[in-house]
Student: 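Before anything else, here's the structure in question.
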Amino acid sequence: MLASGILILAAVVGLTLYAVWRRHDDRRPSSNFLIVGGGLVFTPAVLAALLVWGLGAGHSMLPLSTDRDVLRIEVRGHQWWWEVVYGGGLYSANEIHIPAGRPVDILVRSDDVIHSFWVPRLGGKIDAIPGHTNRIRLKARRPGVFRGQCAEFCGAQHARMGLMVQAHEEAAFEARLALLATQAAAPEHPGQAIFEQNCAACHSLDPRRRSPEPGPNLADLPHRMTLGAATLANGRAELRQWLAEHASLKPGNRMPPHDHLDAEAIEALAAYLEGEP
Ligand code: CUA
């Protein structure tokens, strides 16, 4: 569209300059050619061609429910994180894995206030509204990592309501979902009791279970790129820092402060979350 617009603008400017240059010339050419050719034939032909092209391009971006090759992923906004639900009730948070080259419909809603789901490099933005499901189509041409962000002011930590989208080759995508599906909490771990006491009311370590008062599902936490909805990069030191200082790293977030846990308890909790002995 832009290229066509530039070409036509250049032609119009050229003709204007030509007209100015020839304005005192009595040997004017017949104007019928320009009026009929440029006004009646050229314009409708170009507009019709661009319309056909634009309809096709626009159609492929529409999240039509009749498309069969489309993957559907549910995303729910919360203050201030994203809940991600893959088909068959597989839960994760703040990170969406998609196959590259395939259209993916994101079914967006909210469990509290209005948020807006936006991954600028993969598609438009759409509001996440309580009690209503909106649909937006994303498509990544090739594998890569794409940053997303809440784009509707939703409270104190609106700015730290980020998300990551990773597009994979088809096999790697299947493997990543299989990895999520097979996550299980380490049995008889020193961190287990601390988790049960302090975290389990909101966080689930089972990818197939949603907590009654849902905070981010933590099943595949060790494999995620970020912590706290893209507040920190994920890593050993960062996880411990997040557990100890999340209240100052992301002030106002809904997780109660962990001031009552000493360094040893934080370490045990972090190791439990990482699935390490
Ligand atoms: Cu959620 Cu801004």
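The model shown is predicted, which means the values in this text are computed figures rather than measured ones.
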Student: For a quick check under 3.5 Å, do His260 and Asn198 share a side-chain donor-acceptor pair by atom type?
Tutor: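 Short answer, yes.
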Student: In terms of relative ring orientation, are Trp82 and Phe117 parallel, tilted or perpendicular, with 30° and 60° separating the classes?
Tutor: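 Rings of Trp82 and Phe117: perpendicular, over 60°.
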Student: If we only count heavy atoms from C-beta on, is the Met225 to Asn234 side-chain gap below 4.5 Å?
Tutor: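 Heavy-atom side-chain distance check fails, nothing below 4.5 Å.
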Student: Could you state the interatomic distance from CD (Glu74) to CG (Leu107), rounded to the nearest 0.5 Å?
Tutor: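 The distance works out to 6.5 Å.
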Student: Can you find a heavy atom in the side chain of Lys139 that is under 4.5 Å from one in the side chain of Arg102?
Tutor: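 Lys139 does not reach Arg102 side chain to side chain.
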Student: Classify the angle between the aromatic ring planes of Phe153 and His158 as parallel (below 30°), tilted (30 to 60°) or perpendicular (above 60°).
Tutor: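 Perpendicular: the ring planes of Phe153 and His158 meet at over 60°.
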Student: Quick check: is Leu90 connected to Val108 through a chain of hydrophobic side chains (ILVMFWY, heavy atoms under 4.5 Å apart)?
Tutor: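 Yes, it is one cluster - the side chains of Val108 and Leu90 are joined through contacts under 4.5 Å.
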Student: Is it possible for you to say whether Val12 and Val20 belong to one hydrophobic cluster, with membership spreading through side-chain heavy-atom contacts below 4.5 Å?
Tutor: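 In one cluster: no.
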Student: Please assess His223 against Glu95 for the test side chain to side chain contact (heavy atoms under 4.5 Å, CB included), listing each intermediate value before the final yes or no.
Tutor: CA-CA 10 Å; His223 307 284; Glu95 193 166 298; over 6 Å; no
Student: Hey, what do you get for CD1 (Ile194) to CD1 (Ile266), rounding to the nearest 0.5 Å?
Tutor: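 One gets 8.5 Å once the value is rounded to the nearest 0.5 Å.
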Student: Looking at CD of Gln157 and OG1 of Thr231, how far apart are the two atoms once the value is rounded to the nearest 0.5 Å?
Tutor: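 Output value for this atom pair is 7.0 Å.
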Student: Locate the shortest heavy-atom distance separating Ala271 from Arg240; write the atom from each residue and the value.
Tutor: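 For Ala271 and Arg240, the tightest heavy-atom pair comes out as N-NH2, 4.2 Å.
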Student: Compare every heavy atom of Pro44 with every heavy atom of Val41, then report the nearest pair and how far apart it is.
Tutor: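 For Val41 and Pro44, the tightest heavy-atom pair comes out as O-CD, 3.4 Å.
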Student: What do the steps show when you test Val46 against Ser4 for side chain to side chain contact (heavy atoms under 4.5 Å, CB included), and what is the final call?
Tutor: CA-CA 9 Å; Val46 167; Ser4 312; 5.6 Å; no
Student: Check whether any side-chain heavy atom of Glu83 sits under 4.5 Å from a side-chain heavy atom of Asn217, and report yes or no.
Tutor: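 In short, these two side chains do not touch, never coming nearer than 4.5 Å.
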Student: Do the side chains of Cys199 and Leu273 get nearer than 4.5 Å, heavy atoms only?
Tutor: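 Not touching, per the 4.5 Å side-chain cut-off.
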Student: What I'd like to find out is whether the side chain of Arg160 reaches to under 4.5 Å of the side chain of Pro251, using heavy atoms alone.
Tutor: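 Yes, their side chains come closer than 4.5 Å.
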Student: As an exercise, state the distance from CG of Leu239 to CZ of Arg224, rounded to the nearest 0.5 Å.
Tutor: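 The CG atom of Leu239 sits 11.0 Å away from the CZ atom of Arg224.
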Student: Quick check: closest heavy atoms across His203 and Pro216, and the distance to 0.1 Å?
Tutor: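 Scanning both residues completely, I find the closest heavy atoms to be ND1-O, 2.7 Å.
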Student: Could you check whether Glu152 pairs with Lys125 (Lys NZ or Arg NE/NH1/NH2 to Asp/Glu carboxylate O, under 4.0 Å)?
Tutor: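 No, no charged N to carboxylate O under 4.0 Å.
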Student: Parallel, tilted or perpendicular: which one describes the rings of His78 and Trp81, with boundaries at 30° and 60°?
Tutor: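 Answer is parallel, since the angle falls under 30°.
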Student: Trp80 ring centre to Arg254 NZ or CZ under 6.0 Å, with the angle to the axis within 45°?
Tutor: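 Relative to the ring axis of Trp80, which defines the angle, Arg254 lies inside both limits.
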Student: Can you tell me how far apart NE2 (His168) and CD (Glu174) are? Round to the nearest 0.5 Å.
Tutor: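 Output value for this atom pair is 10.5 Å.
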Student: Checking side-chain contact (heavy atoms from CB on, under 4.5 Å) against Thr226, which of Glu238, Met164, Arg147 comes through?
Tutor: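 It is Met164; the other options fail the test.
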Student: Side-chain heavy atoms under 4.5 angstrom apart, residues restricted to Ile, Leu, Val, Met, Phe, Trp, Tyr: same cluster for Tyr91 and Ile73?
Tutor: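 No; Ile73 is not reachable from Tyr91 via cluster members.
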Student: Please say whether more than 12 non-hydrogen atoms of neighbouring residues, nucleotides or ligands are located less than 6.0 Å from CZ in Arg210.
Tutor: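 It does: Arg210 CZ has more than 12 such atoms within range.
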Student: Closest heavy-atom contact between Ala128 and Ser110?
Tutor: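 In this case the closest contact between Ala128 and Ser110 is O-CB, 3.5 Å.
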Student: Just so I know, are the side chains of Ile96 and Val119 near enough to count as touching, which here means a heavy-atom distance under 4.5 Å?
Tutor: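 A side-chain contact under 4.5 Å is absent here.
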Student: Roughly how far, to the nearest 0.5 Å, is CG of Asp127 from CH2 of Trp118?
Tutor: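 Between atom CH2 of Trp118 and atom CG of Asp127 there are 13.0 Å.
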Student: Grab the two heavy atoms, one from Cys202 and one from Ser211, that are nearest each other, plus how far apart they are.
Tutor: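 Looking at all heavy atoms of both residues, the closest pair is O-OG, 3.1 Å.
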Student: Tell me, with the steps shown, if Lys250 and Met255 meet side chain to side chain contact (heavy atoms under 4.5 Å, CB included).
Tutor: CA-CA 10 Å; Lys250 192 169 176 177; Met255 183 154 66; over 6 Å; no
Student: Do Ile126 and Met161 belong together in a cluster built from hydrophobic side chains that touch within less than 4.5 Å?
Tutor: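 Linked within one cluster.
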Student: Can you tell if the side chain of Gln192 reaches within under 4.5 Å of the side chain of Phe195, non-hydrogen atoms only?
Tutor: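 The answer is no, as the side chains (C-beta and beyond) never meet within the 4.5 Å cut-off.
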Student: Counting distance only, does the side-chain N/O of Thr43 pair as donor-acceptor with the main-chain N or O of Leu40 below 3.5 Å?
Tutor: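 Absent.
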Student: Do Tyr86 and Leu71 belong to the same hydrophobic cluster, where Ile, Leu, Val, Met, Phe, Trp and Tyr are linked whenever their side-chain heavy atoms lie under 4.5 Å apart, directly or via other members?
Tutor: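 Yes; tracing contacts between hydrophobic side chains, which count when under 4.5 Å, links both residues.
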Student: Specify the closest pair of heavy atoms between Ala181 and Arg208, including all atoms of both residues, with the distance to one decimal.
Tutor: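 Residues Ala181 and Arg208, closest heavy atoms: CB-NH2, 3.9 Å.
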Student: Whether the side chain of His115 engages the backbone of Cys150 through a donor-acceptor N/O pair (distance < 3.5 Å, no angle test) should be reported.
Tutor: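 The answer is no, because no donor-acceptor pair under 3.5 Å joins these two groups.
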Student: Just checking Glu169: does its CD atom have more than 12 heavy atoms from other residues, nucleotides or ligands closer to it than 6.0 angstrom?
Tutor: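 Not buried by this count: 12 neighbours or fewer within 6.0 Å.
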Student: Using side-chain heavy atoms (C-beta onward) and a distance below 4.5 Å, is Leu47 in contact with Leu51?
Tutor: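 They are not in contact (no side-chain heavy atoms under 4.5 Å apart), so the answer is no.
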Student: So Asp220 and Leu179, side chain to side chain contact (heavy atoms under 4.5 Å, CB included) or not? Walk me through it.
Tutor: CA-CA 8 Å; Asp220 62 346; Leu179 177 78; 5.6 Å; no
Student: Is Glu264 atom CD crowded by more than 12 heavy atoms from other residues, nucleotides or ligands, each under 6.0 Å away?
Tutor: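 Not more than 12 within 6.0 Å, no.
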